[in-house]
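Numbers here are sequence positions counted from 1. Atom set for the values below is all heavy atoms of this structure, side chains included, hydrogens, waters and symmetry mates excluded. Order of appearance sets the numbers: ligands from 1, and atoms from 1 within every ligand.
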Amino acid sequence: MSEHAERFAPLYGSDRPEEAQRSSFRDGAFPVAVYGLGKMGLPIAGVFGETTGAVTGVDIDESVVEGINDGECHVRNEPGLDDLVADLVDDGSLRATTDAVGAAEDARIHVVIVPTLITEDHQPDTSVVTSVARDIAEGLAPGDLVCVESTLPPGTCRDVLAPLLRYESGLEADEFGLAFCPERTSSGRALADVRGAHPKVVGGDDAESTRAAALVYDELTTNEVIPVSDTTTAEAVKVFEGLYRDVNIALANELARFTDELGIDVREAIDVANTQPYCDIHDPGPGVGGHCIPYYPYFMLNWLETPAPLLASARSVNDATPVHVVDLLEARLEERDGTLGGSTVVVLGLTYRAGVAETRASPAIDICRTLDDRGATVYASDPLVDAEGVPATWVHPEEVGAIDADAVVLATDHDEFDAIDWRSFPSSTVLIDTRDVLDSDRLGRDVYVVGRGA
Ligand SMILES: NC(=O)C1=CN([C@@H]2O[C@H](COP(=O)(O)OP(=O)(O)OC[C@H]3O[C@@H](n4cnc5c(N)ncnc54)[C@H](O)[C@@H]3O)[C@@H](O)[C@H]2O)C=CC1
Ligand SMILES: CC(=O)N[C@@H]1[C@@H](OP(=O)(O)OP(=O)(O)OC[C@H]2O[C@@H](n3ccc(=O)[nH]c3=O)[C@H](O)[C@@H]2O)O[C@H](C(=O)O)[C@@H](O)[C@@H]1O
């Protein structure tokens, strides 16, 4: 094989020495396309870009694509990402496009990191992933590798994506690779996570897919690569991690409800219980948000036949927690002969957790809606998002103290709220802290902390 041809030999099915494949990958001989340039996709494109110098990012959002091609980073609060994107675009290692098929034709490695959401009736929605798979199939060539990183209901690669890619591309199963390589990354530390905070799991549609994917991610990560038996096992690993979290947060939220009846600081009891190595009770909070943890149980419940009552029960506990927070507030207002109806309540935070501009399934928004349903006048403050679609008047974090509030609920502990002058609220204002970040002694006033009590 000529030097030129050898340099461009395919990855999947290659019989070249492994080191030659690795150096081809690092040299950009296997151009990479990353489909989805959001909170996860842009950091992933950045790490592929710094490793290979040859990444094309694909997104349907033209403003995302234009911004990236201008060297701008639209994902906020990701340490190092702004500079990385600017540098990679500047040196030609990263470019963005809305042309998925064109990108697929030029790429030899296809990384899918578009949303997998749920519908209104909690059915898993893999339509975006299958739509991207069709785009990839149009440009798929023998020797290509498709790496799906979007979390999927277990069995999706085997039962949906593999047949779709074969049928739409006209290639046989042994002509291209397909692997599920879950993203185990948290917003706010995405680059560190993608680069190697956790072992990288890869599971292939066949052994050669697993081998090729393991080679790629071994070049990307500073951590180990864990090959598993197949795509379904890898899909299950990712979903199980999220199920563990949802069930354990539900346990924490349920234990917090004993606070007043027991008359104890439940969080203290949890912290001490966790001194046993086998105990890892999570943190009570306002509920569970984001488009991951609250969605993954439905990737089992509404995808597979086997009953899963614990998953369903945990979901109902977490879904009821925002209402429980409003019940706590109503009770404390009534203790002072107040009523929730007609009261003015400020909700601090609209995103699902601090520092992340994401409102899908946000418990803070459920709290606003429940307050509104019960006749309260609701103000909401968040440094990252506005109150569009929320029954609340948005107010800047610096203006919160000017509101004559009967109650303030801290739902999301954004750093920006540290600047609030709590003394500016009337002493009669009820303070509810769902995140255990307000200190009564420091504030010099009563705060009801979920899980600790007054
Ligand atoms: N957000 C997180 O913490 C994590 C998410 N994941 C998985 O990654 C997936 C993506 O998550 P995020 O990046 O947070 O979502 P995101 O909503 O921040 O970004 C998704 C991006 O995909 C783009 N997009 C939508 N449809 C597209 C299409 N047909 N073709 C190309 N681009 C398209 C959107 O314009 C957006 O820029 C999630 O659904 C989840 O399965 C996995 C681990 C962590
Ligand atoms: C198992 C696990 O830790 N998964 C992580 C999770 O990240 P995500 O951004 O969804 O945030 P999260 O910290 O799980 O929080 C989800 C929700 O649960 C709440 N939460 C979280 C932990 C806790 O002890 N108590 C609690 O109430 C948060 O406030 C938030 O509303 O989901 C990500 C994903 O799978 O998309 C995953 O990559 C991350 O590693």
Side-chain angles (χ1 to χ4, degrees), residues 33-45 57-65 67-68 74-76 96-101 103 111-118 124-136 148-153 181-190 193-194 197-198 235 237-253 256 270 280-296 299 318 321-322 349 351-364 366 411-413 434-436 450-451:
V34 176
Y35 305 78
L37 296 173
K39 298 189 293 301
M40 293 297 115
L42 189 50
I44 291 165
V58 178
D59 205 291
I60 53 169
D61 184 333
E62 287 195 12
S63 64
V64 166
V65 168
I68 291 168
H74 66 95
V75 179
R76 298 174 62 173
T97 179
T98 56
D99 177 9
V101 174
V111 180
V112 181
I113 186 69
V114 290
T116 37
L117 306 172
I118 56 173
D125 176 6
T126 58
S127 60
V128 178
V129 171
T130 50
S131 156
V132 168
R134 281 195 185 83
D135 294 337
I136 292 171
V148 182
E149 295 209 8
S150 297
T151 308
L152 289 173
C181 312
E183 202 39 64
R184 311 169 94 189
T185 299
S186 290
S187 290
R189 39 168 300 135
D193 285 355
V194 175
H198 313 294
E235 290 163 337
V237 166
K238 177 62 188 175
V239 171
F240 288 5
E241 290 171 7
L243 300 179
Y244 174 86
R245 197 156 175 81
D246 198 46
V247 168
N248 279 281
I249 295 169
L251 173 61
N253 287 332
I270 287 173
D280 179 24
I281 304 170
H282 288 20
D283 299 332
V288 176
H291 53 79
C292 302
I293 302 304
Y295 287 11
Y296 294 169
F299 288 11
N318 287 329
T321 298
T351 63
Y352 79 103
R353 71 177 170 89
V356 185
E358 178 62 71
T359 58
R360 290 184 184 113
S362 172
D366 289 338
T412 310
D413 48 325
T434 71
R435 299 291 186 165
D436 190 25
V450 169

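If you take CD1 on Ile249 and CD1 on Ile293, they are separated by 6.5 Å, rounding to the nearest 0.5 Å. Taken to the nearest 0.5 Å, the CD1 atom of Ile270 stands 7.5 Å off from the CG atom of Asp283. Separating the OH atom in Tyr35 from the CG atom in Asp135 is a distance of 7.5 Å, to the nearest 0.5 Å. Here the CZ-OG1 distance, from Phe299 to Thr126, works out to 8.5 Å after rounding to the nearest 0.5 Å. Rounding to the nearest 0.5 angstrom, the gap separating the CG atom in Leu251 from the NE2 atom in His282 is 9.5 Å. The distance from the OG1 atom of Thr97 to the CD atom of Glu62 is 9.5 Å, given to the nearest 0.5 Å.
Contacts between Arg184 and ligand 1, counted as non-hydrogen atom pairs separated by less than 4.0 Å, are absent for every part of the residue. Contacts of Ile113 with ligand 1, taken as heavy-atom pairs under 4.0 Å, involve both backbone and side chain. Residue contacts with ligand 1, taken as heavy atom pairs separated by less than 4.0 Å, involve Arg360 solely via side-chain atoms from C-beta onward. Here Thr185 has backbone heavy atoms under 4.0 Å from ligand 1, and that is the only part of it that gets that close. Within the 4.0 Å heavy-atom criterion, the part of Cys292 lying near ligand 1 is the side chain and not the backbone.
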Worked verdict on Cys292 versus Thr151 for side-chain contact (heavy atoms from CB on, under 4.5 Å): CA-CA 8 Å; Cys292 302; Thr151 308; 6.0 Å; no

Pair Ile118-Asp125, side-chain contact (heavy atoms from CB on, under 4.5 Å): steps then yes or no: CA-CA 5 Å; Ile118 56 173; Asp125 176 6; 5.8 Å; no

Verdict with supporting geometry, Met40 and Glu149, side-chain contact (heavy atoms from CB on, under 4.5 Å): CA-CA 10 Å; Met40 293 297 115; Glu149 295 209 8; over 6 Å; no

Intermediate values then yes/no, side-chain contact (heavy atoms from CB on, under 4.5 Å), His291 and Lys39: CA-CA 12 Å; His291 53 79; Lys39 298 189 293 301; 3.1 Å; yes

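Inspection of the Asn318 and Asn253 side chains reveals an N or O donor paired with an N or O acceptor under 3.5 Å.
The N/O atoms of Thr151, backbone and side chain alike, include one that comes under 3.5 Å of an N/O atom in ligand 1.
In this structure, the side chains of Asp280 and Asn248 stay at 4.5 Å or more apart for every pair of heavy atoms. A heavy-atom distance below 4.5 Å is not found between the side chains of Arg360 and Pro294. Counting heavy atoms from C-beta on, the side chains of Val114 and Ser131 never come closer than 4.5 Å.
Ranking protein heavy atoms by distance to atom 39 (O) of ligand 1, first place goes to Thr116 N, 2.9 Å. The single protein non-hydrogen atom nearest to atom 19 (O) of ligand 1 is Gly38 CA, 3.2 Å, given as residue, atom name and distance. In terms of protein heavy-atom proximity, atom 9 (C) of ligand 1 is nearest to Val114 O, 3.6 Å. The nearest protein atom to atom 13 (O) of ligand 1, hydrogens excluded, is given as Met40 N, 2.9 Å; this is a heavy-atom distance. Atom 28 (C) of ligand 1 has as its closest protein heavy atom Ile60 CG2, 3.5 Å. Summary of contacts: the protein heavy atom closest to atom 14 (O) of ligand 1 is Lys39 NZ, 2.9 Å.
Taking every heavy atom of Lys238 and a limit of under 4.0 angstrom, the matching atoms of ligand 1 come to 43 (C). Short contacts between ligand 1 and Gly36, defined as distances under 4.0 Å to a heavy atom of the residue, involve ligand atoms 22 (O), 32 (N). The contact set between ligand 1 and Val132, taken as ligand atoms under 4.0 Å from a residue heavy atom, comprises 28 (C), 29 (N), 30 (N).
One option in Asp61, Asp59, Val58 has a heavy atom closer to atom 34 (C) of ligand 1 than any other, and that option is Asp59. The closest heavy-atom contact to atom 1 (N) of ligand 1, among the options Arg134, Glu183, His291, comes from His291.
Using a non-hydrogen distance threshold of 4.0 Å, His74 does not register as a contact of ligand 1. Residue-ligand proximity: Ala100 is placed with every non-hydrogen atom at 4.0 Å or more from ligand 1.
For residues 285-296, no residue pair satisfies the salt bridge (Lys or Arg N to Asp or Glu O under 4.0 Å) rule, not counting sequence neighbours.
For ligand 2, the protein residues placed under 4.0 Å by at least one non-hydrogen atom are Glu183, Arg184, Thr185, Ser186, Lys238, Glu241, Arg245, Ile249, His282, Asp283, Gly287, Val288, Gly289, Cys292, Ile293, Tyr296, Tyr352, Arg353, Arg435.
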